[in-house]
Asker: 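First the structure, then my questions, so here it is.
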Amino acid sequence: MENINKPKHYILNVKGVELEVIDIINEIVKNYSPIEAFKVANIIKYILRADKKNGIEDFKKAKKYIEILLEEQENK
(Lines give C-alpha, C1' and ligand atoms only; values in the text may rest on other atoms or scores of the structure.)
Protein backbone atom coordinates (compact mmCIF):
# COMPACT_ATOMS: atom_id res chain seq x y z
CA MET A 1 0.00 0.00 0.00
CA GLU A 2 2.92 2.37 0.59
CA ASN A 3 3.90 2.09 -3.07
CA ILE A 4 0.48 3.48 -3.99
CA ASN A 5 -0.09 6.08 -1.28
CA LYS A 6 3.45 7.20 -0.47
CA PRO A 7 6.01 5.83 -2.91
CA LYS A 8 9.54 6.55 -1.71
CA HIS A 9 10.51 8.13 -5.04
CA TYR A 10 7.84 10.81 -4.45
CA ILE A 11 8.89 11.75 -0.91
CA LEU A 12 11.53 14.44 -0.39
CA ASN A 13 13.34 15.08 2.87
CA VAL A 14 13.96 18.82 3.05
CA LYS A 15 15.88 19.84 6.16
CA GLY A 16 14.34 16.99 8.15
CA VAL A 17 10.80 17.56 6.87
CA GLU A 18 9.24 14.98 4.59
CA LEU A 19 7.38 16.56 1.69
CA GLU A 20 5.38 14.81 -0.99
CA VAL A 21 6.09 15.78 -4.56
CA ILE A 22 2.34 16.13 -5.23
CA ASP A 23 2.08 18.88 -2.60
CA ILE A 24 4.97 20.78 -4.20
CA ILE A 25 3.46 20.36 -7.66
CA ASN A 26 0.01 21.51 -6.55
CA GLU A 27 1.46 24.68 -5.07
CA ILE A 28 3.54 25.49 -8.14
CA VAL A 29 0.92 24.83 -10.84
CA LYS A 30 -2.11 26.41 -9.19
CA ASN A 31 -1.99 29.55 -11.37
CA TYR A 32 -1.36 27.82 -14.70
CA SER A 33 -4.04 26.85 -17.18
CA PRO A 34 -4.95 23.16 -16.88
CA ILE A 35 -2.99 22.15 -19.99
CA GLU A 36 0.09 24.11 -18.92
CA ALA A 37 -0.25 22.80 -15.36
CA PHE A 38 -0.14 19.24 -16.67
CA LYS A 39 3.13 19.85 -18.50
CA VAL A 40 4.76 21.80 -15.67
CA ALA A 41 3.68 19.11 -13.19
CA ASN A 42 5.33 16.43 -15.29
CA ILE A 43 8.55 18.45 -15.55
CA ILE A 44 8.68 18.83 -11.77
CA LYS A 45 7.74 15.21 -11.15
CA TYR A 46 10.43 13.81 -13.42
CA ILE A 47 13.16 16.08 -12.08
CA LEU A 48 12.35 15.50 -8.42
CA ARG A 49 12.21 11.72 -8.68
CA ALA A 50 15.13 11.19 -11.08
CA ASP A 51 17.73 10.31 -8.46
CA LYS A 52 15.38 7.78 -6.85
CA LYS A 53 13.81 6.14 -9.88
CA ASN A 54 14.91 6.33 -13.51
CA GLY A 55 17.87 8.72 -13.52
CA ILE A 56 18.74 10.07 -16.96
CA GLU A 57 15.50 8.72 -18.44
CA ASP A 58 13.51 10.97 -16.11
CA PHE A 59 15.66 13.97 -17.07
CA LYS A 60 14.99 13.21 -20.74
CA LYS A 61 11.27 13.04 -20.06
CA ALA A 62 11.41 16.40 -18.24
CA LYS A 63 13.38 17.85 -21.16
CA LYS A 64 10.72 16.66 -23.61
CA TYR A 65 7.96 18.40 -21.64
CA ILE A 66 10.08 21.56 -21.41
CA GLU A 67 10.55 21.53 -25.18
CA ILE A 68 6.80 21.09 -25.74
CA LEU A 69 5.99 23.90 -23.30
CA LEU A 70 8.56 26.23 -24.86
CA GLU A 71 7.29 25.56 -28.37
CA GLU A 72 3.73 26.29 -27.31
CA GLN A 73 4.76 29.47 -25.50
CA GLU A 74 6.82 30.70 -28.46
CA ASN A 75 3.91 30.08 -30.85
CA LYS A 76 1.38 32.11 -28.85
Side-chain angles (χ1 to χ4, degrees):
M1 192 58 123
E2 286 301 308
N3 282 336
I4 294 171
N5 292 322
K6 288 193 173 220
K8 291 182 182 182
H9 57 276
Y10 286 128
I11 303 292
L12 299 176
N13 188 313
V14 180
K15 297 183 180 183
V17 177
E18 285 193 349
L19 301 173
E20 289 193 56
V21 170
I22 191 67
D23 294 328
I24 295 166
I25 289 171
N26 286 339
E27 185 61 28
I28 292 170
V29 303
K30 67 184 177 187
N31 295 321
Y32 284 96
S33 72
I35 197 75
E36 290 172 327
F38 171 78
K39 292 169 186 135
V40 172
N42 276 311
I43 293 164
I44 296 165
K45 172 184 74 173
Y46 289 129
I47 289 171
L48 291 181
R49 77 176 197 187
D51 70 329
K52 296 179 181 178
K53 194 164 183 197
N54 297 321
I56 195 165
E57 181 181 319
D58 280 341
F59 289 127
K60 287 179 180 181
K61 289 176 181 178
K63 180 183 174 196
K64 182 64 179 172
Y65 276 101
I66 290 169
E67 290 168 350
I68 292 167
L69 195 58
L70 284 171
E71 184 176 323
E72 290 173 356
Q73 292 294 313
E74 291 172 347
N75 290 323
K76 277 189 173 182

Asker: With side-chain contact (heavy atoms from CB on, under 4.5 Å) as the criterion, how do Phe38 and Tyr32 come out once you've worked through the C-alpha distance, each side chain's angles and the decisive distance to 0.1 Å?
Answerer: CA-CA 9 Å; Phe38 171 78; Tyr32 284 96; over 6 Å; no
Asker: Using every non-hydrogen atom in the two residues, find where Val29 and Ala41 come nearest and quote the distance to one decimal.
Answerer: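 Here Val29 and Ala41 meet closest at CG1-N, 3.9 Å.
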Asker: Roughly how far apart are Glu74 CD and Leu69 CG, rounded to 0.5 Å?
Answerer: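 It comes to 10.0 Å.
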Asker: Kindly work out whether a path of hydrophobic side-chain contacts (I/L/V/M/F/W/Y, heavy atoms less than 4.5 Å apart) joins Leu48 to Val14.
Answerer: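 The answer is yes; both residues are in one hydrophobic cluster.
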Asker: With rounding to the nearest 0.5 angstrom, report the CD to CD1 distance, Glu20 to Ile25.
Answerer: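 Answer for the CD-CD1 pair, Glu20 versus Ile25, is 10.5 Å.
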Asker: So Arg49 and Val21, side-chain contact (heavy atoms from CB on, under 4.5 Å) or not? Walk me through it.
Answerer: CA-CA 8 Å; Arg49 77 176 197 187; Val21 170; 5.9 Å; no
Asker: Please step through side-chain contact (heavy atoms from CB on, under 4.5 Å) for the pair Glu57 and Lys61, ending with a clear verdict.
Answerer: CA-CA 6 Å; Glu57 181 181 319; Lys61 289 176 181 178; 3.3 Å; yes
Asker: Let me check something: do Ile68 and Tyr46 share a hydrophobic cluster, defined by ILVMFWY side-chain heavy atoms less than 4.5 Å apart, either directly or through other members?
Answerer: no
Asker: Apply side-chain contact (heavy atoms from CB on, under 4.5 Å) to Glu27 and Asp23, showing your working.
Answerer: CA-CA 6 Å; Glu27 185 61 28; Asp23 294 328; over 6 Å; no
Asker: Between Asn42 and Lys45, is the side-chain hydrogen bond (donor to acceptor under 3.5 Å, both in side chains) condition met? List the steps.
Answerer: CA-CA 5 Å; Asn42 276 311; Lys45 172 184 74 173; 3.0 Å; yes
Asker: Would you say NZ of Lys52 has more than 12 non-hydrogen atoms from neighbouring residues, nucleotides or ligands within 6.0 angstrom?
Answerer: yes
Asker: Testing the basics here: between Ala62 and Ile47, what is the closest heavy-atom pair and its distance to 0.1 Å?
Answerer: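 Heavy atoms only, the tightest pair is CB-CG1, 3.7 Å.
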Asker: Inspect the surroundings of CD in Gln73 and state if more than 12 heavy atoms from other residues, nucleotides or ligands are less than 6.0 Å away.
Answerer: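 Enclosed.
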Asker: Tell me whether the count of non-hydrogen atoms from other residues, nucleotides or ligands lying under 6.0 Å of CG in Leu70 goes above 12.
Answerer: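 Enclosed.
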Asker: I'd like to know if Val17 and Ile44 are part of one continuous hydrophobic network [Ile/Leu/Val/Met/Phe/Trp/Tyr, side-chain heavy atoms within less than 4.5 Å].
Answerer: yes
Asker: Is the shortest side-chain N to carboxylate O distance from Glu72 to Lys76 below 4.0 Å?
Answerer: no
